[in-house]
Amino acid sequence: MPVELAPGLIHHPGRLDAAARRRLAADVAAVLAAAPPVTPRMPRTGKPFSVRMSNCGPLGWVSDRDGYRYQPHHPETGAPWPAMPAAVLEAWEDLSGHTAPPEACLINLYAPGTRMGLHQDRDEADLSAPVLSLSLGAPALFRYGGLRRSDPTRSIRLMAGDALVMGGPSRLIHHGVDRILPAGDLLGAAEDPLPGILPAGGRCNLTLRRVTQPGAVSGVQA
DNA sequence: CAGTCTCA
DNA sequence: GGAG
């Protein structure tokens with residue numbers, strides 16, 4: 001059953017069963033074969049993220065010395081991002097409450113020890129759509145706060161199969177990943193969703209977003 | 001510009 | 001965990 005952590009911030013524990021998780025993982029593996037994970041870098045400083053990333057869908061989120069942006073092609077291969085898999089689109093239809101389809105699915109790969117500092121998802125022109133997060137693999141300690149970075153924060157454990165919707169008043173809240181937890185930390189067998197791609201004990205997170213304004217002309221990025 | 005980091 |  002869903003838990004409303006804050007207005008517009010909905011946690012769906014165990015939303016994806018084992019079969020759905022396997023199907024999603026297989027789809028993600030196929031995407032990563034065509035769009036290999038990239039190590040993003042901080043704008044200006046070039047400091048690498050610990051998380052590795054890829055994308056599927058018409059647009060993908062990338063970060064390098066030039067800044068954050070969405071672009072239609074892989075930054076290293078130059079190929080268009082792979083199409084959004086059916087399992088991803090179905091999750092959006094089930095959980096987003098949004099009629100227009102997602103335009104970007106960012107794939108975050110967390111090896112053990114990887115973290116993601118508190119940040120906002122604010123590179124999208126259309127903020128009326130929620131961000132939908134799906135978790136695979138190892139559990140993670142997820143932290144969320146408010147609209148201001150200095151707002152008080154709380155943390156929850158995000159597990160394989162969990163979905164999290166950040167929408168409405170929570171669309172721009174700060175959030176991050178404090179740490180990847182040992183797979184055996186809780187009951188439930190360790191799942192390695194992407195063997196050969198993600199180290200054992202790692203986590204894969206998918207975030208689905210709407211990027212462009214409803215009326216935007218193709219080729220023009222707000 | 002920033003989803004970085006380290007210090008405390 | 002909060003600040004810079």
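A, B, ... follow the sequence lines: proteins, then strands. Residue 1 opens every chain. We use all heavy atoms of the structure for the numbers below, so side chains are in, but hydrogens, waters and symmetry mates are not.
Within the structure, a side-chain polar atom (N or O) of A/T153 is placed less than 4.0 Å from OP1 or OP2 of C/dG2.
Aromatic ring centroids of A/H119 and A/H175 lie under 6.0 Å apart. A/H73 has its ring centre no less than 6.0 Å from the ring centre of A/W81.
Annotation: side chain of A/Y68 is in contact with side chain of A/M42 (closest heavy-atom distance under 4.5 Å).
Cluster membership check: A/L95 does not share its hydrophobic cluster with A/V3, using side-chain heavy-atom separations under 4.5 Å among Ile, Leu, Val, Met, Phe, Trp and Tyr.
Under the Watson-Crick and G-U wobble criteria, each requiring two contacts below 3.5 Å, nucleotide B/dA2 is left unpaired.
The nucleotide whose nearest atom lies closest to any side-chain atom of A/R44 is, among B/dA2, B/dC1, B/dT4, B/dC1.
Following rounding to the nearest Å, A/F142 (CZ) and B/dG3 (P) show an atom-to-atom distance of 15 Å. For the pair A/M42 CE and B/dC1 P, the interatomic distance rounds to 9 Å; values are reported in whole Å. Taking atom CZ of residue A/R69 and atom C1' of nucleotide B/dA2, one finds them 13 Å apart after rounding to whole Å. Rounded to whole Å, the distance from CZ on A/R65 to P on B/dA2 is 15 Å. Taking atom CG of residue A/L118 and atom P of nucleotide B/dC5, one finds them 13 Å apart after rounding to whole Å. B/dG3 atom P lies 7 Å from atom NE2 of A/H174, rounded to whole Å. Rounded to an integer number of Å, the gap from A/L106 CG to B/dG3 C1' is 10 Å. As a whole-Å value, the separation of A/D123 CG from B/dA2 P is 12 Å.
No side-chain N or O of A/R52 forms a donor-acceptor pair with one of A/T39 less than 3.5 Å apart.
At the heavy-atom level, A/D178 lies under 4.0 Å from the strands shown only through sugar-phosphate atoms. Within 4.0 Å (heavy atoms only), A/S155 reaches no atom of the nucleic acid at all. As judged by a 4.0 angstrom heavy-atom cut-off over every strand, A/R209 is placed among the base-contacting residues. In this structure, A/Y68 reaches the bases: a heavy-atom distance under 4.0 Å links it to at least one base atom across the strands shown. Contact annotation for A/G176: no contact, since no heavy-atom pair falls under 4.0 Å across all strands. Residue-level contact check: A/R41 touches neither bases nor backbone, having no heavy atom under 4.0 Å from any strand.
Here the closest non-hydrogen pair linking A/W92 and A/A129 is CH2-CB, 4.4 Å.
A stem is defined here as three or more consecutive Watson-Crick or G-U pairs, each with both distances under 3.5 Å; for DNA chain C these stems are B:5-7 with C:2-4.
The existence of a salt bridge linking A/E103 and A/R209 is excluded, since no basic side-chain nitrogen approaches an acidic carboxylate oxygen closer than 4.0 Å.
Judged as a salt bridge (Lys or Arg N to Asp or Glu O under 4.0 Å), not a single pair has a partner in residues 109-118 of chain A (not counting sequence neighbours).
For the pair A/T207 and A/R115, nearest-nucleotide mapping onto DNA chain B gives the more 5' position to A/T207.
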